[in-house]
Amino acid sequence: MSGGDVWIVGTDMTKVARYPDKDVVDLGSQVAFGAFEDASMTIDDVQVLAVGNAYESNSGIAQRIQKQIGQTGIPAYNVFNACATGATAVRTVIMAIRAGEADAGLAIGAEQMGKMGLLGGAAENKGERKVYSPKGRYGSVLPIEGNLGTGLMPGVFAQAGMEYALAHGVTREQFAKVAEKNHRHSALNPLAQYQKVFTLQEILDAEEISYPNTLPMCCPTGDGAASVIIVSAAKLATLDPDVRRRAVKISASVLTTDPWTESDLVQPDVNTLTRQAAAKAYEVAGVGPDDLDLVELHDCFASAELLHYDNLGLCEPGGAGDFIDSGAPTRDGSIPVNVSGGLLSKGHPIGSTGVANLYEVATHLRGEAGDRQVEGARVGLAHVIGLGSACAIHILEKAAV
Amino acid sequence: MSTQIPIVDYLVLGPVPHLRAHQCTHCAALYFDRRNGCARCGRREFGTKDLATTGTVRAFTIVRRASANLKTPYISAIVDLDGGGVVKANLVDIPAEAATITPGLPVELTTWVAGTDDDGTEAVSFGFKRTAAAA
C-alpha cells in the first residue's frame with residue numbers, strides 16, 4: 001500500500017424508516033457509536049469529524065452530535081452539497097487525512113425528512129393586491145414552474161431520461177425494469193425502507209408522476225443515518241489484525257461539478273459531470289468498469305439509473321436499454337447495480353445517502369452482506385449526484401491480505 | 001387595448017414574439033438570466049441575441065402530479081432553437097401522450113395571455129406548438 005492510501009475500518013447504518021420519536025442527533029449518534037464499535041475505536045482515536053446533512057446543516061449538526069458522542073475539541077465540519085452531501089462529508093475527512101492533519105476521522109451522514117412529499121412546498125398566495133412586477137434574474141411576473149415547463153426533481157430526471165430515450169430508443173418498459181429490479185433487490189436488505197416486490201406490470205400501471213416515471217419509479221423520502229471511520233495507511237498498520245483484515249481501501253475519491261454545457265441553463269445536466277467523475281475515478285484507481293463487482297449508483301428516479309449505466313461506462317454507448325434487458329445489473333448478473341435496493345427502495349435520506357452507499361459497498365467487500373451478498377466481491381463503486389450540480393464517486397477495494 | 005407584459009424579460013412581445021438572450025461577447029454563450037459573468041469563459045461583457053422562433057424537441061416529460069394550482073397533465077419540453085439556444089417551456093396544442101412526440105419533432109413559438117393583474121395588465125406566456133408543416 002502506498003502512503004497516500006486511505007482505508008475504511010468502521011462503518012454503520014440505520015435502517016431507513018420514519019423515526020418520529022427520534023431526532024437527527026439520535027440517528028447520527030447511533031451510527032457514530034456503531035462505527036466506533038465496528039472499528040474497535042473510540043472518539044479519542046479520531047482527529048476530524050464531518051457531518052453531512054441537508055435540512056439542518058445551518059444548525060451546527062456536527063457540534064450537536066459531538067455533544068452526544070464526545071466533545072474532544074477536534075475540527076468538525078457541517079457539510080451540505082445537495083444529494084452529494086454524505087459523500088462530500090466523507091471526502092472532507094479523506095482530505096484532512098491526506099493533508100496530514102489527521103490519521104483517523106469520522107464521517108456521518110444523517111437526515112430526518114419525515115413525509116415531505118415529492119414536490120416540496122406549494123406556491124405562496126398572500127391575498128395581496130396583484131400587480132405584475134418583474135422579479136429575479138429572469139424578470140418573471142408569474143411563477144416559472146408549470147408555466148415554462150417543470151424544474152422540480154421528478155420532471156428534471158424524467159426529461160433527462162427522455163432526452164436519452166429520444167436519442168437511443170429506450171422504452172417505458174425498460175425504464176420500469178430498473179424499478180422492478182431495485183424493489184426486488186430490496187427484499188433481501190433488512191435496512192431498506194421498503195422491502196416490497198412489484199411485478200413489472202404493477203410498476204407500469206401505477207400512478208404516473210412525470211412520464212416515464214410512475215410512483216414506484218420515484219424514491220421515497222425518509223429518515224436515516226450512516227457512518228464511516230477512515231484511517232491513513234500508516235494508522236492502519238498499527239491496528240489490530242482483525243481490524244486490518246476487514247479494512248476496505250478507498251482507491252478513488254472524486255468530486256465534480258457540472259461544467260458549462262449549452263442546455264445546462266434550462267435543465268441541469270446530470271450526465272457530463274458523472275462522466276468526468278467516472279473517468280477520473282477509474283484513472284486514479286487503476287480499474288475499469290469491467291473490474292467492478294458491484295455498483296451503488298444514484299437512482300433517485302428509475303430514469304436516472306438508466307442514464308448512469310451509460311455515464312459510468314457499464315454498458316455500450318447508447319446501450320442502457322439493452323443493458324437492463326440483458327439482466328446484467330441484477331444481483332446475479334455481470335455487474336450488479338443497487339443490490340441494496342437503491343434509493344428507489346432502500347430510501348434516500350439526503351444527507352445519509354452518500355455514506356450509506358459506502359456502507360453497502362464496504363459490507364459486500366467484507367463479505368458480510370448476508371442474504372444479499374454479492375459473492376466474491378473485491379471491487380465496488382459508489383456514485384451520487386446532487387442537482388445544481390455535484391457528483392461524487394468512490395471506488396472501494398477489498399483488503400489484499 | 002390592455003397593457004401587456006412578458007412572463008419573463010427574455011420574451012420579446014410585438015408583431016413577431018421571440019426570445020432574446022444575453023450573449024457573451026467573447027465566447028458567444030447564451031443566457032436568459034441576468035448575468036454577473038459568463039459561466040463558460042468567465043468574461044463579463046455581454047450583448048444580446050434575438051433567437052429563432054423555431055426549433056426541435058430535445059427532451060420532454062408529461063407532468064401528471066404537480067402542485068395544486070397547476071392544471072395537469074401538461075407537457076414540459078426542452079427545445080433546441082434553430083441557430084442556437086436551448087429553452088424549456090410547455091408544449092401546447094399536442095395531446096399529452098408520449099407517442100405523439102417523436103425525436104427531433106419540429107416546433108414553433110406561440111404566446112398566450114396567462115393572467116391579468118388588478119391593474120388590468122396582461123401577462124403573456126410562451127410555449128411551443130408543432131410547426132404548421134408537421135401538424
Side-chain angles (χ1 to χ4, degrees), chain A residues 117-123 125 128-134 136-152 154-169 172 207-215 218 258-267 303, chain B residues 5-10 21 27 29-35 38-41 57-80 84-91 96 98 101-105 114-119 121-123 125-127:
Chain A
L118 262 172
L119 303 177
N125 184 357
E128 297 168 349
R129 182 177 154 75
K130 184 171 73 174
V131 178
Y132 290 142
S133 170
R137 286 187 173 239
Y138 293 97
S140 56
V141 300
L142 289 174
I144 287 177
E145 176 62 27
N147 279 309
L148 298 177
T150 181
L152 298 182
V156 165
F157 284 97
Q159 286 167 102
M162 288 312 295
E163 180 175 3
Y164 190 88
L166 288 177
H168 301 294
R172 180 168 174 261
E207 178 195 353
E208 187 171 282
I209 303 298
S210 194
Y211 184 92
N213 292 325
T214 63
L215 188 59
C218 305
D258 43 345
W260 180 90
T261 57
E262 193 186 21
S263 60
D264 195 41
L265 174 64
V266 296
Q267 161 86 4
S303 53
Chain B
I5 187 171
I7 182 170
V8 284
D9 61 14
Y10 57 91
C27 76
L30 298 170
Y31 301 98
F32 291 123
D33 57 341
R34 178 171 65 76
R35 303 301 302 181
C38 177
R40 187 185 195 185
C41 74
V57 173
R58 171 199 286 237
F60 74 97
T61 185
I62 301 165
V63 179
R64 293 192 188 275
R65 189 191 284 192
S67 52
N69 53 354
L70 292 174
K71 190 179 170 200
T72 56
Y74 70 91
I75 306 173
S76 171
I78 299 164
V79 174
D80 289 322
V86 183
V87 63
K88 185 184 279 185
N90 293 356
L91 283 191
I101 301 163
T102 50
L105 180 75
T116 306
D117 72 8
D118 292 337
D119 290 342
T121 302
E122 294 176 342
S125 190
F126 73 92

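Each chain gets a letter, A, B and so on, in the order its sequence line appears, and its residues count up from 1. All heavy atoms count here, side chains included; hydrogens, waters and symmetry mates do not.
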message: Suppose we screen for side chain to side chain donor-acceptor pair (under 3.5 Å). Which residues come up paired with A/R172, at least two apart in sequence or across chains?
response: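 If we apply the side chain to side chain donor-acceptor pair (under 3.5 Å) test to A/R172, skipping adjacent residues, there are no hits.
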query: How about B/I78 and B/V86: do any of their side-chain heavy atoms sit closer than 4.5 Å?
result: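 Answer yes - side chains close enough.
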Using non-hydrogen atoms and a 4.5 Å limit, figure out which bit of [X] sits close to chain A: side chain, backbone, both or neither.
{"X": "B/A77", "answer": "backbone"}
{"X": "B/L70", "answer": "side chain"}
{"X": "B/T116", "answer": "backbone"}
{"X": "B/P73", "answer": "neither"}
{"X": "B/F32", "answer": "both"}

- request: Among the options A/L142, A/I209, A/I144, pick out the one with the most heavy-atom pairs lying under 4.5 Å from chain B.
  value: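 Of the options given, most contacts go to A/I209.
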task: Would you mind telling me which of A/L152, A/T150, A/V156 makes a side-chain contact (heavy atoms from CB on, under 4.5 Å) with A/P154?
output: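 Among A/L152, A/T150, A/V156, the one meeting side-chain contact (heavy atoms from CB on, under 4.5 Å) with A/P154 is A/L152.
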query: With sequence neighbours left out, what residues match B/F60 under ring-ring contact (aromatic ring centres under 6.0 Å, His included)?
result: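 Listed in chain order: nothing, the list is empty.
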- request: Check A/L148 against B/S125 and note the closest heavy-atom contact, atom names and distance.
  value: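 Reported closest heavy-atom pair: CD2-OG, 3.9 Å.
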message: Could you walk me through whether A/E207 and A/T214 satisfy the side chain to side chain donor-acceptor pair (under 3.5 Å) test, starting with their C-alpha distance in whole Å, then the side-chain angles of each, then the deciding distance to 0.1 Å, before giving a yes or no?
response: CA-CA 5 Å; A/E207 178 195 353; A/T214 63; over 6 Å; no
- request: Just give me the residue among B/N90, B/V57, B/V8 that pairs up with chain A most often, heavy atom to heavy atom, under 4.5 Å.
  value: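 Highest number of pairs under 4.5 Å: B/N90.
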query: Which residue out of B/D119, B/V63, B/D118 racks up the most heavy-atom pairs below 4.5 Å with chain A?
result: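 That would be B/D118.
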